[in-house]
Amino acid sequence: MNPNDVFITFPELLIWFPLLSGLVAFFLTKGDTAKRWAVISSFITVAIVAVSFFFTDKNYFHYNNVSYVWMPSIGSSFALMYDGMGRMLCLLTALAFPLAFLTTYNTNYAKPNHFYGLMLLSQTGLMGVFCAMDALVFYFFWELAIIPIYFLASLWGGERRIQVTFKFFVYTFVASLLLMVGIIYVYLHTPDHSFALSSFLKAALSPGQEKFVFWLFFAAFAVKMPLFPFHTWQPDAYEQAAAPVTMILSGVMVKMGVFALIRWLIPVFPHATGVFTPIVIGLAVTGMVYASLIAWVQDDLKRLVAYSSIVHVGLMCAAIFARNQSGVEGVMLQMFNHGINIIGLWIVVELIESHFGTRKISRLGGIAASTPVLTIFLVIIALANIALPLTNAFVGEFLMFNGVFQYGKWTAAIALITIILSAVYTLNMVQKVFYGNTNALTASGEGMVKRSAAVALTVVVILILLLGIYPKLLLDLTKDTVNEFISRVAGML
Amino acid sequence: MSSIILSALWGVVMMFSGIFLKKKSLAKYIALLGIAALLTVNFLEYYNIWYIYADIRQMLKFTSFGQVFNAIVFACTLLFFLLNASEFEAMGPDVYEYYALIFFVLCGVGIAVSFNTLLMLFIGIEIITIPLYILAGSEKRNLRSNEASIKYFLMGVFSTGIMLMGIAFLYGATGTFYIDSMNLGVESLRPMILIGIVLLMVAMSFKVSAAPFHFWVPDVYDGAPTAVTSFMATIVKVASFVAFLHLFDTAFGKMHADWQLLIALITAATLFIGNITAVFQQSVKRMLAYSSVAHAGFMMFALWSLNTFAREGLILYAAAYSLATIGSFAVLAKMKDYSLEGFNGLGKTQPLLALTNTIFLLSLTGIPLTAGFFAKYFMLMGAVKSGTHLWLVIFAVLMAAVSAYYYFRVIQAMYFKEGNAQVTPVSPVFRITLCVTAALIILLGMFPGLLLKGLYY
Amino acid sequence: MTINHYIFLSVALFCIGIIGVLTRRNMIVIFMCVELMLNAVNLLLVAFSKMHFLSASAFDAASKAGTDAQLFVFFVMVVAAAEVSVGLAIIVMMYRNTHSVDVNFLNRLKH
Amino acid sequence: MGITQLLFWLLTTLTLGSALMVIFSKNPVYSILWLIITFFAISGHYVLLNAQFLAIVNIIVYAGAIMVLFLFVVMLMNLNMPSSPLKNKWLMFAGVISGGSLLLVLVAALKDTEAMRNGILMQTGDIGLIHNLGKVLFKDYILPFEISSVLFLSAMIGAVVIGKKA
Amino acid sequence: MVQLFDFISIGTLNIPFAFQVDQLSAIFMLIITGVGFLIHVYSTSYMHEEASDQYARYFSFLNLFVFSMLLLVLGANYLIMFIGWEGVGLCSYLLIGYWYKNKDFSTAGRKAFVMNRIGDFGFLLAVFWMIQHFGSLNFGDVLGKAAGMPLNDKVLVGITLLLFLGAVGKSAQIPLYTWLPDAMAGPTPVSALIHAATMVTAGIYMIARSNILYTLAPVTQGVVAAIGLATAIFAASIALKQNDIKKVLAYSTVSQLGYMFLGLGVGAYTGAVFHVMTHAFFKALLFLGAGSVIHAMHHEQDIRKMGGLKKQLPVTHWTFLVACLAIAGIPPLSGFFSKDEILSATFSVNKIYWVIGVLGAVLTAFYMFRLYATTFLGKFRGTEEQERHLHESPRAMTVPLVVLAILSAVAGFIGIPAVLGGTHQLENFLSPVFAGSVALQHAAHPDHTTEYLLMGISAGLSVLVLLYAITRFSKKPDMDSPGGLGKLLENKWYVDELYDMIVVKPLHRVSVLLNNVAEKMGIDGVVNGVGKFVSYGSRQLRLLQNGQVGVYILIMVAALLILFIIQLFVL
């Protein structure tokens, strides 16, 4: 394949297409046009990703890699790569948006053109993060993903949305700025003064420097994931943001942090990673148990899901730092699966909230009697959330726990407590919300699942089952990335 | 050289046209013509196509750095004129004189960025400040404007005294005013040199509004007419910074290690006071004044690190900061209520103003894709490169996060709060210029190289 | 007389000027104290000019060393004059509006 | 102690004394008058240092023009009574303390500067003569000279703009 | 052995989606499908009152259960087994909470699931450990590699203990047994199939499957035996005073499971599997019989309100009696052979265990016939309304009863031990599976005289107690609530309350505390505190800007002074 023959590459397409369609959406002020446009655009994005799966071969190298000179004076180029992990996360990003749009297809947001425009812009940022191979480009997209979300979450959502989103923004902004300092620091120590990932990997940092810069990077990623105890923004933000925004925030944006650990943190600071692994895994595992316990006593559905997300992310973090093949493969699976599952949960929550006007667990109950369809979906998704075998999350969690176990038996034992606790809080929620007799509020459940939402839920459930039974699809996709990662960090323990 | 001469001449032209032309509204066209001419002349000189040569005994030295900076200054002034023409007309009867004074200031800026002797520095700085004393007080009936003028004046002359003392000590120790040939190596004269450096540092810090010599800034910026504040906070300030950097780089660069810590302290204080105090401000104008102090803190990094990144960064910062500040002051000037509540709901009543203002504020915060990001980025890069004292960099980014707090309060007010923000009528030219400014910010945010390339022509 | 005498004299004068600025409330007096500071600088410059002339003329009798400092003083005076004209105009303007030249009267702008 | 030294100490005492009187006089008019005396004393120093041109300029410009302008303004505003109250106590105190410590610090820093024990050639050298200075001013210093015209111009415009009744 | 596809394959670890059929799984398959079929037939009639969509839901869950259970026994590695393991747990959860409108029922389902999860916790850890140590999860690889390891190897003990924790959860042993009695909230056929015949024996299957590991870890075996025995006797004691027909059966199930674990613990793997099989028949029969009674009594489950049902429900009565005799270990019904095999193996390991085991058997006979007598003998004590409607169940329900009764009666003959002149076909059949263990065990069988004696003692005591129970409870069932020990037993030793008090409530309180203190005040507090501090700092700092030029200049001079001092004297 001659590079000149390539008209446009996949990563570029995935970045520019949502950007353009997002910008166009701003001008579609009439009625539902913006909404339709966004749905169509998001489907096209899915199609692009789908097509890209036919071009994974090495022969198509030039379809998947880009590098333009951007700022030669400081050695930064607009470099993108579309590898297995990136492909998977792009797929997740691509899928998340139509799901979010379909769920809320019957909700009419004020100023739909702004809403959908901003949504599509955030998609651009996310795609960029997952493809970037240059630290500066990465940082650019990292921040760009946040700005539209800031507006989205502040403009549409609950009563306290403004201050909550603001807290979220400032919090992540602080962390990103630290990341920026870290990037600069590493950059100045690269042999060829370049921001390329390959140069970062060769950076000549002394162990002492590594230890210091490690935390600058880690802070940013930990806040974004969010890892205990940096999670304070998260339950509030999820609670207050509008449903599609929450879906994107939790389904995809959280993966930015996890992704960055794998691509940018551990390979660049192998030594410091080795030193700090016990601390990080300790934090992650503590956070898992902690968040599980807190999830148990939440009365707000969204907060409950938020805390459960902290548990899952904690596990991913621990598994990454365990740095063995099993753990990292598990993380790969789980990044995708957690995205799908949590989006599924949000869809259910959104349907409940939009129909009954409340998310308070204590006020709901008996929905199963009035809306059996929703209950079936919910139970499947909830079971996926607690990683029951033959749902997608099981394989991921199995591998991750296995990875953590190979790191430390007792650590894994403590982490595994969360599978008990997750059953407790998830089933508790299912029971209180869906079982029992209907009350005055929930008796009117007829017709709460609109067709578009049902389609979204069906897709989620199909993915849950498909990937639960045949996880090889994703395992094969990400195998190369994992092998490269492992070979780079192996022996650094 | 030619731009210095032309700006002085154009000041005179403005003055005379004030005598012969009675219509206020003509003034802006003449001024725009002048700025256009200045830009052209600067470009011609930059590309060595046409320039004036005079034997000035090396008192000024023209470098590509200075010329690029001049171009930025002139471009910003052009935008400034386009955006603030109506404000000038509202300020008082002496519109032509105001423009003339601004041209004189530009002349001073030209001198201050290319001086090679302390004498030219002194004269340049004075040419910049004396017209500003007047401009700050140009709303003669407005007590706030009066107060701003008086405060600026009293503290300004005081700082002049300090600066002169510094120059005197340096002269005593080195026997010359030429900054490129100062012999700082005489060990026995070290105390004198150090005293001179500290005094000059304090005086320049005052000019660039670094803490704790910034106290005039909030009051003066608040009291002066908004258009003047906008000019002072941007062009004048960055010019002072360039002078500051030029002086300390060329003259005292060899002794960098000796005074670096002091700069670090001043930087830290500036960042802290500027950002923290801005948080609580209710008036957007005053908030921008404090934010201007805060940005001074960031620009101080150039002095602290004193390397290529610092110089490139200062140029970028000058452009980014000036464009964004001019823009947000221009929007502010159109507001009927300068308080934060006054911005409530601007996103609905004036979407364009709100959108562009958002871009300006994002740039001031340093969000990627805006010029402000690369400005900060280069500054921090320079600072990190200089090695030691990484704590200051960390501190700076934490303070930058605080800055997000107060800038975003304005964004919140514009978009998220209910309200009915009132603005005075805005002309199409104003709107277009705002858009151009915002577009420039984004362009520089994506391709900062466009500007930096100019340095190495 | 050594240069130190002049330095100490100038510094003393300079500090007296600063103390004046700090202790007085009358704007005009404050301004005058600033003039005092400027004169301290001028005196110092002239002394240095002679000092450098002295050391230079040891090698070159026709040396012009020190001229620059004296010219600097000249320019300081020029600038001072300009400042005075502007400053007094501002003070007068203020006085017209408030009938006071007390700096403590200036406190509309704060916090 | 020669006549030069004697004169030096005399003038120094006069300078500092009258400077102190400037800041301690209650009445602004007295302050101005004391300031004029200070300027005269400084001009005396200039003469001692053989800088006659500056001595003259100092008297004409400063003591003559500028101080008269001050005096004029003060009289115009009818401020010639000892009305100016002092600032509050602690601020004054702090002012004196900090000014004094500044002096102390500078003196302490400079007192050991060995190389500065040079004598100064008093009443010799002709660089301070107008004929010398003029040559240099109009040859080497033509640029600052011209530029200061801009300064004056702007000061003039300013004074007019500010001064004329709105 | 069939390999379908690669399930998980990373690096050297390869876990295929593979099935394996051998003698052990064959037996279980037979039980599952056989009993499962009968129960399906039974259910078609039992559940006919349900609305059609609920009916469909019921059968879909039931079939999902059969699927999972088959997956469990067919899996060729621990992971597939675990998938089935979790799957049956899920179905159990779904079916217990089948009548979801009742809060208590769904709570029972949740409890079952959570208890199972505690078991899974152990199971998973064991699996990870196996991966780490053996590099594979295939039964062949793991068991083969383990066979070469020394006795009581730490790893083996650890793995087996953890696996046993899984079994404890799934098979309702102390301390995780409390879910099983509550699980009776589900429809009765479900109780029969899942909570008696099949799912709860998954733990036994799993241990039998990994028998070699256990044989190599005598420490674990001791634990297994002790816990099994304790459960057997403990559950039996509770069953003595229960008045809910299904609760009695549930505790009896727990108790019988305890016997099976006892058997596993003493190395009588065949005996345990044998008991699984016989137990499946008679316990399913008991439950179905109970279902038939409940059906007839219009969902009345309290035996104190029954009595004298012998006449109205003849088929049910006779089949129930057969089952009772079987479970009581009366020769020559099936229960006698299987229980005896376990007990005789126990005797050869530990005599005291045997004594306790026999005591448990006697208790079993007692409470079973207490149940039988109270329900079927004596006078009817229900309402007249109920009496009028009493009727025998339809054919679809009675036929499975009869079939199971026959099986209960004769199933024992496939395992007649040598001492009684049999060949023990089952043992021969299963010998390939347990060959490794048998080779290692060299268990000293008691001689024939002792065996006869032992059989005689247990059977004889059972018969005595049985007769006593019939005579006593057919006349005067204990209607009033007992005091003292009886009350303790009626309230199941207050174990549920104890768990609630020492585990659930404190944990919940900790959670609330974490939520209110650590989360809101600690973590949120710090972040918000920083924000508040900044804004407080802002408010204070701006006071410095007091508008006075004098102060401004003073600060400038002071700063200048400080800079001088630093520059000139400090540096």
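Labels below follow one simple rule: chain letters A, B, ... track the order of the sequence lines, proteins then strands, and each chain is numbered from 1.
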Quick one: what part of [X] sits under 4.5 Å from any heavy atom of chain C, side chain, backbone, both or neither?
X      : result
D:S154 : neither
D:F53  : side chain
D:F39  : side chain
D:T15  : both
D:I97  : neither
D:L35  : side chain
D:M67  : side chain
D:D140 : neither

Item to check | Reported CG-to-CD1 distance for the pair C:L22 and C:I30, which is rounded to 0.5 angstrom | outcome: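 Going from CG on C:L22 over to CD1 on C:I30, the span is 9.0 Å.
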Interface moiety of [X] toward chain D, non-hydrogen atoms closer than 4.5 Å:
X     : answer
C:L88 : side chain
C:H99 : neither
C:L38 : side chain
C:L9  : both

Checklist entry - Heavy atoms, side chains only, cut-off 4.5 Å: are D:Y141 and C:F74 in contact? => result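 Answer no - side chains too far apart.
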Next on the checklist: So for atom OH, which belongs to D:Y30, do other residues, nucleotides or ligands contribute more than 12 heavy atoms lying within a distance under 6.0 Å?
Outcome noted: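 Not buried by this count: 12 neighbours or fewer within 6.0 Å.
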Checklist entry - Under 3.5 Å, is there a donor-acceptor pair between the C:Q70 and C:D68 side chains? => result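 Absent: no donor and acceptor within the cut-off.
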